[in-house]
Amino acid sequence: MTAEAAIHEHFEEHVHPGASVYVTVAAFLVVLTAMEITVFYVSALASVMIPLLIILSVAKFALVAMFYMHLRYDSYVLTSIFMFALAIAALLLIALLLLFAYLSHYLWFMVPLARILLPGH
Amino acid sequence: MAAQPKPIPAEYPSYLKGDPIGWLNTIDHKRVAVLYGVSALLFMVLGGIEALLIRIQLFEPNNKFLSAHAYNQVFTMHGTTMIFLVVMPLLLGAAANFIVPLQIGARDVAFPRINALSFWIFLSGAAFLHMGWFWHHGGLPDAGWFGYANLTERQYTPGMAIDFWDIGLLILGISTVLTGLNFFTTIVTMRAPGMTYMRMPMFVWSILITSILILLAFPPLTVGLIFLFMDRFFGTHYYQAVAGATPILWQHLFWLFGHPEVYIMALPAFGMISELLPTFSRKPLFGYPMMVYSVILIAFLSYGVWGHHMFATGMGPVADATFAITSMLIAIPTGIKIFSWIATVWGGSLRMTTAFYFALGFIIEFTIGGLSGIMHASVPIDLQQTDSYFVVAHFHYVLFGGVMFAILGSFYYWWPKVTGRMLNEKLGKLQFWLTVIGFNGTFFPMHFLGTWGMPRRIYTYGAGMGWTFWNQFETVSAFILGLAFLIMFINLLTSLFNGEIAPADPWDGRTLEWSMPSPPPAFNFVTIPEVHARDAFWARKYGSTGSRASQAPAVAGDPPNTEAAEHIHMPEPSFFPIVLAGGLLLCGLGMVVAWWRLIMAGGAIIFLSIIGMAFQYPTFGQKTHETEAASGGGGEDLRKVGVWAFIGSESVFFATLIATFMVYKSRNLGGPGANVLEIPLTSFSTFILLMSSLLMVLALAATQRGDRVWQRVWLCGTVIFGLIFLGDQAYEFTSLYGHGLGFTTDLFSQCFFTLVGFHGAHVAIGVIWLSVLLVASFMDRLPKSRALSVELAGLYWHFVDIVWVVIFTLVYLMQKVKGA
Ligand code: HEM
Ligand SMILES: [Cu+2]
């Protein structure tokens, strides 16, 4: 077997999910979106809106990435690339929000440390 | 020199042979590397002259040699040139480009055409930075290499110089990201059989990590530059306090890039040193695994320290403490590396070549720079040192004493492989000592001057300050340093014509590049080598456990094998890269002079050359490998790895845009804010985009089945849904406009339009990409065997979709959520 054929064979091993899987995923995506919109309009949910919305959008994100972008079927190398980049992107986002005093009260645990390190402040 | 077998007879013509036109359309990584190297050396002369101008001006108090304005231009261009046009191209464009494929046993990089493209884009970006020379109202950029806002705004720096700087850096950024993408994919997928990650040469490791840094650190700079562009051209207020915005945002975006950037320059230099020291000590690198982990740790930490450039901006005690801690932590892996280098040399049988001198010099000088770095990682100390000459001393010790020493050493080390000629060692040693004297004489006294309060970026100083003596001392030393470089250039030129002919393996090398003739043939390896150990070539010569030089080398090169060489298929040269880069230059020029016809012409050239390049790909979309040697990447096609790496980079790009949106939304002064956004309309858009993703996967499935009819139907559907989404967006924008919310109305509106607009632009690019595939499908050029083309377009499309998922939630559904 030539190297090329071997590579080809390897590619053929990849599972190609059928249309039914894709349609099911699409159905989930629609339902999740509908739930998001509901959360937006139902004022009773206002207090838990942020976590709910985040969970729902993460679920949509994951569904598309895993099934439509095939991360579930492809090599872990691709997943690692994406997850690492996402981690950096998320850290960057959170850090900038914190630095601009957005939600900075969540950083209460740093205050004693800062007192020790920066006695002058 | 160790016992040498007879030089390899030149069975195959070297990569340097061939007609001169071949340099314009070459896609051979070695030729591209030479192009990079030559250009960077020319810019080195330019940057060096600028440095000497600075030193002449500071030679005595109240000097009138340069005006304040000229001085600003000179120091700005000195920094910008040295970083973007000298150090980075030498490290990545030249050294990594030439060496990495040879060290991992590959015939070329993963995307040879994109590699050539990187070079030509680099060149047009470099030209762009200097364009102001030729313009009436131009002049060179003069706001520092860090271009601090709001000095860069139009009110404070009118004229075109900053525009050239801004767009020039954007262009250079494209080139660098493409390079990062290329090296990342190359190293992940194209290592020779047996070359596991833990057998890769340290230089390759450092380039792999550097590529990741590039991919994830350039986007914040790109975003920052785009904001600056919008401020200057469209009247937004990203960096102006008037609208509730803050110039500090620029500093965050710039240093989010800027600190990783210093490691983009430092890590390749570390890698070079890790090659030089073992070779000339004839010992394996000490603590290889620790070296690898340290590089990874340094890279990771380097994302979390950018605030140490901003201690003086008053970020508050919590942020200050965090950045101080992370900055100090970086010293740990750095220290590990320094000790490992020392331990590598310790007890070795040393050969005191010029390359080795520079490598040893590196250790000492770099450590001095690292120590001053740790000093200003401490906030109270930094508040004294910041913006003083002390900082100038610090970064020249790391960048010159560190990175430049590594580059100079590498010149002496790899020059024979690149040119087939040796450099003169006597001149080399002379250059080394002059460099050491000149460098330390120029920069060490800056520690004193800084401590005595001499600020950086001033064009002159008073006689009574007590700074005169050391400034004069520095200027004299700087000319000694200039002399050292002059000697180097003489050495390089004489070597080209009269240098001793280099054998294949002049240093008794350890890595695979020394196994081939100097200079190597165009296709590198006759047969792809199989790797059984770290230091692959050393192991082949002496056996993996073999002690140094006790035995005669068994093999010193690939045995000539004419039959195999005839089967090597190298990709065709291409003129598209140079044409595309020309288009980019026109586009940028059109933006600066606000002449839309030029922008359109440039855009058309870019579009057509991309199409040309894509279809020139010999196996357009097919699942075959150009390289026989793909052992990594989990067996995935290299184009897929490349697209995912690109998606990773794009994620950081969008994260930066989203972060800016959220921060500025909460700082908006008055105005209706996010509450005007309509949920029903966008819900419909969301639905459309999600469904377009479904159609996209169905198109892929049809292609994989070889079903052409449904392939067309689903592709067509995806395009139409994409167009509906864009139509929705156009409707939304016009209706917002009708409600009095224009692009520059307030802080919220400018961030909203930028973020959502950029997403829309991505959708538009996706629509164009899919339309091209649709055309290919109707031309019956999209059979089952080319399913990968559809898959790649699909990956991009779905990515744009999930970005929308995030935007829909954070921008639209969380519109009532206030920050702070
Ligand atoms: C132990 C490691 C290091 C630490 C703790 C460190 C720390 C710092 C700090 C705190 C500053 C800001 C000083 C100020 O403006 O007040 C700084 C500036 C700088 N550092 Fe480092 N550094 C380290 C290594 C490096 C390396 C390896 C490089 C490059 C190869 C580098 C390049 C620079 C540059 C270019 C600047 C000046 C930027 C500018 O303001 O124009 N540093 N460093
Ligand atoms: Cu830094």
Side-chain angles (χ1 to χ4, degrees), chain A residues 3-4 7-8 10-11 16 18-19 22-23 25-26 29-30 33 36-37 39-41 49-50 53-54 56-57 60-61 64-65 67-69 74-78 81-82 84-86 88-93 95-104 107 110-111 113-115 117-118 120-121, chain B residues 188 215-216 220 252 256 303 315 317-322 324 379-380 623-625 628 630 633-636 640-641 644-645 647-649 651-652 654-656 658-659 662-663 666 679 683 686-687 690-691 693-694 696-698 701 704 795 798-799 801-802 805-806 808-809 813-814 817 819-820:
Chain A
E4 209 160 280
I7 289 167
H8 210 77
H10 184 90
F11 276 111
H16 294 312
Y22 292 147
V23 175
V25 170
L29 290 173
V30 172
T33 308
E36 284 180 329
I37 298 165
V39 173
F40 177 79
Y41 280 113
M49 181 172 109
I50 297 182
L53 284 180
I54 288 179
L56 289 171
S57 63
K60 284 162 73 181
F61 193 103
V64 175
F67 290 93
Y68 287 178
M69 298 171 94
D74 285 348
S75 155
Y76 75 97
V77 174
L78 304 181
I81 295 173
F82 192 40
F84 185 72
L86 279 183
I88 295 284
L91 286 175
L92 184 153
L93 183 89
L96 280 178
L97 293 187
L98 292 174
L99 279 163
F100 281 94
Y102 210 102
L103 311 176
S104 56
L107 273 192
M110 278 297 290
V111 174
L113 204 56
R115 286 228 176 86
L117 284 162
L118 306 168
H121 274 276
Chain B
V188 169
L215 289 171
L216 303 183
H252 278 298
L256 256 168
Y303 281 107
M315 290 180 294
V318 175
D320 280 359
T322 314
V379 185
K623 280 178 181 169
T624 54
H625 250 290
E628 312 84 298
E636 298 290 354
K640 213 153 139 186
V641 174
W644 271 108
I647 287 178
S649 186
S651 308
V652 180
F654 277 108
T656 316
I658 292 172
M662 292 176 74
V663 167
S666 66
I679 297 303
S683 302
T686 306
F687 173 76
L690 288 173
M691 286 311 105
S693 268
L694 173 63
M696 185 69 235
V697 276
L698 292 178
Q704 282 163 345
L795 284 177
H798 301 308
F799 171 69
D801 189 6
I802 50 181
V805 167
V806 177
F808 182 58
T809 304
L813 294 178
M814 290 197 188
V817 178

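Below, chain A is the first sequence line, B the second, and so on; all start at residue 1. This is a predicted model, so every value here is computed, not measured.
From A:L93, atom CG reaches atom CE of B:M662 across 6.0 Å, with rounding to the nearest 0.5 Å. For the atom pair A:L78 CG and B:I647 CD1, the distance stands at 9.5 Å (nearest 0.5 Å). With values rounded to the nearest 0.5 angstrom, B:Y303 atom OH is found 11.0 Å from A:L91 atom CG. Atom CE of residue B:M814 and atom CD of residue A:E36 lie 9.0 Å apart, to the nearest 0.5 angstrom.
For a residue to count as touching a neighbouring chain, one of its non-hydrogen atoms must lie under 4.5 Å from one of that chain's; by this rule B:L256 touches chain A with the side chain only. Using a 4.5 Å cut-off between heavy atoms, B:M696 makes no contact with chain A at all. Using a 4.5 Å cut-off between heavy atoms, A:S57 touches chain B through backbone and side chain atoms alike. Contact of B:H798 with chain A is made through backbone and side chain together, with heavy-atom distances under 4.5 Å. At a 4.5 Å heavy-atom cutoff, A:L56 makes no contact with chain B through either its backbone or its side chain. Heavy atoms of B:V697 lying under 4.5 Å from chain A belong to its backbone as well as its side chain. Heavy atoms of B:T686 lying under 4.5 Å from chain A belong exclusively to its side chain.
Two residues are said to be in side-chain contact when any heavy atoms from C-beta on lie closer than 4.5 Å; B:L813 and A:V39 fail this criterion.
The greatest number of non-hydrogen atom pairs below 4.5 Å with chain A, out of B:T809, B:V805, B:L698, B:L694, is found for B:L694.
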For B:V652 and A:L92, run side-chain contact (heavy atoms from CB on, under 4.5 Å): C-alpha distance rounded to whole Å, both residues' side-chain angles, the deciding distance at 0.1 Å, then the answer. CA-CA 8 Å; B:V652 180; A:L92 184 153; 3.9 Å; yes

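Between B:F799 and A:F82, the ring planes lie perpendicular to each other; the angle is over 60°, past the 30° to 60° tilted range.
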